[in-house]
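Structure first, commentary second.
All ligand and atom numbering here is 1-based and tracks the order in the structure. Owing to the predicted nature of the structure, the values given are computational and were not obtained by experimental measurement.
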Amino acid sequence: MQQPYGLDIWGDQNFIIRDGKAHINYKSSPALIDITTQIRSEGITGPVILRFPHLIAKQIDALYGHFTRAIEENHYQGRFKAVFPLKVNQYPEVVKSIVEAGREHGYGLEAGSKAELILAMANTPTGSPITVNGFKDVEMITMGFLAAQMGHNITLTIEGIGELESIIEVAENTSFRVPNIGIRIRLHSGGSGIWAKSGGMQAKFGLTSTELLEAFDLLKRHNLLDRFTMLHFHIGSQMDEIAPLKRALREAGNIYAELKRMGADALRAINIGGGLSVEYAQHPTQRVRNYSLKEFANDVVFLLGGIMRAKGVEHPNIVTESGRFITASHAVLVTPVLELFSHDYQERSLKLKEVNPPLIEELLELNNMLTSGNSIEYLHDALDHLESLLKLFELGYIDLQDRSNAETLVHLIIKRALYLKQSNQLPEIERLQERLQERYLVNSSFFQSMPDYWGLKQHFPVMPLDRLEQPAIRAASLWDITCDSDGEIGFDPKAPLYLHDVDLDVEEYFLGFFNVGAYQETLGMHHNLFSHPSEATVLIDDDGYRFTNLDEAEDILEILDNLEYDPATVLKQLETRIAESEFMTKEENRDTLSTLKHFLAQNGYLRTTK
Ligand SMILES: *Cc1c(COP(=O)(O)O)cnc(C)c1O
């Protein structure tokens, strides 16, 4: 059955709608709106990231489950191993959940920088793999040796010959244990989708076949062939189809078999990188992914098995580094709606006169007589009258109050007509809705919380947390609170978003942005100095739920501190300005300062007045 807001497309059974509210489909299945209300009752306002560790566990279990099954069914001899690429989300609560949920599977971590490597060395359980990708200097390589010395099962993947030379240098100049060495290969075949730049001959990373032969020679000459254990490739993130992966697997599989034949005896694993995609679409026509995890696992195991059989080579272990797939679903960004821009067009703002211009009287009549049967006709009449009334205003025949009444009445008629026609979407109505979009101002920064929307126009599913049993009839565009016109998610007629008509003076309205748990958080920027939102980790059991972490967004002084302003100096500057002001008494000085200090201790998002 088609679910509201495409939940059946992007939701992966993680949420259900019950009594008009979005609930988490797990154990006691609490409602997102109730969790939100509780957080706000603890004094935290502004946007909040809700984290659900059970959804991270679900993805890790699915990954291991499908590969284990595929390996059994295909009588594959190698083992399945996986690491989480830290760049996808390094937040402590996320890493903690990953390590806890992954422990039983031997799930490891992947690092691409020194700071990430330290996180991996500190958090990876002994025996679980660590892989290190990206560019490395001698210091970073030495850190890898130290990790090996600490007992970690670590593989340094070289991205170029220079890195191998550095490894050789460190191996010869220290007595530390030499880590395992992986080689990233530059494949002929590239990926697909908007993140496909990681593969192909133009890719930023990896060795060409000539360089690979050179590396093999170097390893042999320096007696390090026994450390060369892994062949690595990564064709790009969010692969929307499986064909490029199959091509890459054939290419990499044959390179692996060749190296084995040449005497790479310690080589025992193919690391297929990441790229498992996440469905972000809300409309059937916008779907991108053309495969399931089951098909993905089957293809990898079947293809590699076939190549090795043909070449008479033992089956390699299979390592994956999918990250988006593991954490995207665990985080929901909840944002309050602060304002509807046509909010003023409420019945109560109508201030009719004793005697109104005839066209206004006619609008009143249309509004009163509107039915499902005549709504289109009346709508046309109303729009026509509005044109005439605006003309009359320009010519000075009606006053500002009349004009306001006309606009309000026409809006009321439009809203009622849309409501009456909701089950019968005529092209006419659709065109009108596009023209009469409602702008919802949400208390968050898209630059901070959905940078991929800003940078790549990546869509994230959005859904109100309640009222889901009520018809949503307003064509919606979403505006964030940055002073930047790019901070807008416009109404897209090809993938329309409809929201509810709410009166924010008397009720609250919250939107959830879903699948925001991968890449968005550390990629997010501090445009306009909006910081990482507040966050809550929600553990759900059979009886209810509890927060294991409730962390408010940075306060204003912390935000400035992070930008290398000295908070003490900022306070001193404010104090001096206040003291110098000629508009204040001594007492007012004190009050002003304490009011400012109170504000400085609050998070930098807008505070709804209720
Ligand atoms: C980014 C990256 C990944 C993770 O990709 P996902 O699309 O998040 O699965 C894996 N491996 C390497 C080398 C990467 O650079």
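A donor and an acceptor atom, one from each side chain of Asp240 and Ser277, are nowhere located under 3.5 Å apart. A donor-acceptor contact closer than 3.5 angstrom is absent between the side chains of Ser329 and Gln59. Counting only N and O atoms by type, the side chains of Glu211 and Thr208 include a donor and acceptor under 3.5 Å apart. Under the 3.5 Å distance criterion, with hydrogens and angles disregarded, no donor-acceptor pair is assigned to the side chains of Arg51 and Ser97.
Counting atoms of ligand 1 from 1 in the listed order, those under 4.0 Å from a heavy atom of Gly275 are 5 (O), 6 (P), 7 (O), 9 (O). Near Asn133, meaning under 4.0 Å from one of its heavy atoms, ligand 1 places the atoms 13 (C). Each of the atoms 5 (O), 9 (O), 10 (C), 11 (N) of ligand 1 lies under 4.0 Å from some heavy atom of Gly274. The contact set between ligand 1 and Ser322, taken as ligand atoms under 4.0 Å from a residue heavy atom, comprises 9 (O). Within ligand 1, the atoms closer than 4.0 Å to a non-hydrogen atom of Pro85 are 4 (C), numbered from 1 in the order shown. Near Ser237, meaning under 4.0 Å from any of its heavy atoms, are these atoms of ligand 1: 6 (P), 7 (O), 8 (O). Residue Gly323 approaches ligand 1 through these ligand atoms, each under 4.0 Å from one of its heavy atoms: 6 (P), 8 (O), 9 (O).
Polar contact with ligand 1: present for Lys87 (N/O pair, distance under 3.5 Å). The shortest N or O to N or O distance between Val88 and ligand 1 is not below 3.5 Å. Taking distance alone, with nitrogen or oxygen atoms compared against 3.5 Å, Arg184 stays at or beyond that limit from ligand 1. Between Gly236 and ligand 1, not a single N/O pair is under 3.5 Å apart. The N/O atoms of Arg324, backbone and side chain alike, include one that comes under 3.5 Å of an N/O atom in ligand 1.
At least one heavy atom of Tyr519 sits less than 4.0 Å from an atom of ligand 1. The closest approach between Met239 and ligand 1 stays at or above 4.0 Å for every heavy atom of the residue.
Side chain of Tyr256 to backbone of Leu267: a donor-acceptor contact under 3.5 angstrom is found.
The heavy atom nearest to atom 13 (C) of ligand 1, considering only Glu159, Gln238, Glu321, is found in Glu321.
Comment: Glu93 engages Lys96 in a salt bridge, judged by a side-chain N to carboxylate O separation of less than 4.0 angstrom.
Aromatic pair Phe52/Tyr26: centroids not less than 6.0 angstrom apart. Checked against a 6.0 Å centroid threshold, the rings of Phe447 and Trp454 count as neighbours. Side-chain rings of Phe205 and His234 stay apart, their centers remaining 6.0 Å or farther from each other.
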Test salt bridge (Lys or Arg N to Asp or Glu O under 4.0 Å) applied to Lys311 and Glu258, step by step = CA-CA 9 Å; Lys311 298 230 160 175; Glu258 287 295 312; 3.3 Å; yes
